[in-house]
Amino acid sequence: MEEKIKQIMSDIFFINISDISEFSSQDTIENWDSIGNLNLVTALEEEFEIHFTDDQIIEMLNFKLVCEITKEVVLNK
C-alpha cells in the first residue's frame with residue numbers, strides 16, 4: 001500500500017517517488033498546499049474506495065501519517 005500511496009503522491013505533487021520518505025510533508029514538498037492536499041485525499045479515496053473524515057484529513061501531515069490513516073480506513077471499511 002505504501003508504494004501505491006507514493007505513486008499517487010508522486011503524480012499529485014509532480015515529484016519523483018525516490019524523493020518521498022516517511023518525513024515528507026507540506027514543509028518538504030513544495031506542491032503540497034491546500035489544493036494539493038485536496039487532490040491527494042480525493043485520489044486516495046478513489047484508489048482505495050474509501051472515505052476520510054474531516055479529522056482524518058487534518059491529521060495527514062506527512063507521508064507516514066497518510067499511510068497510517070489510509071491503512072486504518074481501508075481495514076475498517
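One is the number of the first residue; the rest follow in order along the sequence.
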Checklist entry - Would Ile69 and Glu59 satisfy side chain to side chain contact (heavy atoms under 4.5 Å, CB included), going step by step from the backbone distance to the final call? => result CA-CA 8 Å; Ile69 292 165; Glu59 291 176 20; 3.6 Å; yes
Item to check | Distance (rounded to the nearest 0.5 Å) between Ser25 OG and Ile20 CD1 | outcome: 12.0 Å
Checklist entry - If you count the non-hydrogen atoms of other residues, nucleotides and ligands that lie under 6.0 Å from CD in Glu68, is the total more than 12? => result yes
Checklist entry - Run the side chain to side chain contact (heavy atoms under 4.5 Å, CB included) check on Asn62 and Val66 step by step: do they pass? => result CA-CA 6 Å; Asn62 58 43; Val66 169; over 6 Å; no
Checklist entry - Honestly curious: do Leu38 and Leu61 fall in one hydrophobic cluster under the side-chain, below-4.5 Å linking rule? => result no
Item to check | Trace of the side-chain hydrogen bond (donor to acceptor under 3.5 Å, both in side chains) decision for Thr42 with Glu45 | outcome: CA-CA 5 Å; Thr42 301; Glu45 288 180 334; 5.1 Å; no
Checklist entry - Under 4.5 Å between any side-chain heavy atoms of Ile57 and Asn37, yes or no? => result yes
Checklist entry - Is the count of non-hydrogen atoms from other residues, nucleotides or ligands lying under 6.0 Å from Asp54 atom CG greater than 12? => result no
Checklist entry - Are any of the side-chain heavy atoms of Gln56 and Glu72 separated by less than 4.5 Å? => result yes
Checklist entry - Testing Ile12, Val73, Ile5, Asn39 for side chain to side chain contact (heavy atoms under 4.5 Å, CB included) with Leu44, which one passes? => result Ile5
Checklist outcome for this item: To the nearest 0.5 Å, atom CG of Leu40 lies from atom CD1 of Ile8 at 7.5 Å
Item to check | Residue pair Trp32, Met9: steps toward the side chain to side chain contact (heavy atoms under 4.5 Å, CB included) verdict | outcome: CA-CA 9 Å; Trp32 193 343; Met9 289 179 72; 3.6 Å; yes
Checklist entry - How many angstroms lie between CZ in Phe14 and CD1 in Ile29, if you round to the nearest 0.5 Å? => result 12.5 Å
Checklist entry - How many angstroms lie between CG in Asp19 and NZ in Lys6, if you round to the nearest 0.5 Å? => result 10.0 Å
Item to check | Side chains of Lys71 and Glu2 in contact at under 4.5 Å (non-hydrogen atoms) | outcome: yes
Checklist entry - Distance-only, no hydrogens or angles: does the Ser24 side chain make a donor-acceptor pair with backbone N or O of Ser21 under 3.5 Å? => result yes
Checklist entry - Once you round to the nearest 0.5 Å, how far does CG of Leu65 lie from CD1 of Ile58? => result 13.5 Å
Checklist entry - Is a side-chain donor-acceptor pair under 3.5 Å present for Gln7 with Ser10? => result no
Next on the checklist: Once rounded to the nearest 0.5 Å, what's the spacing between atom CG of Asp33 and atom CG of Asn31?
Outcome noted: 7.0 Å
Item to check | Close side-chain approach of Phe48 and Met1, heavy atoms under 4.5 Å | outcome: yes
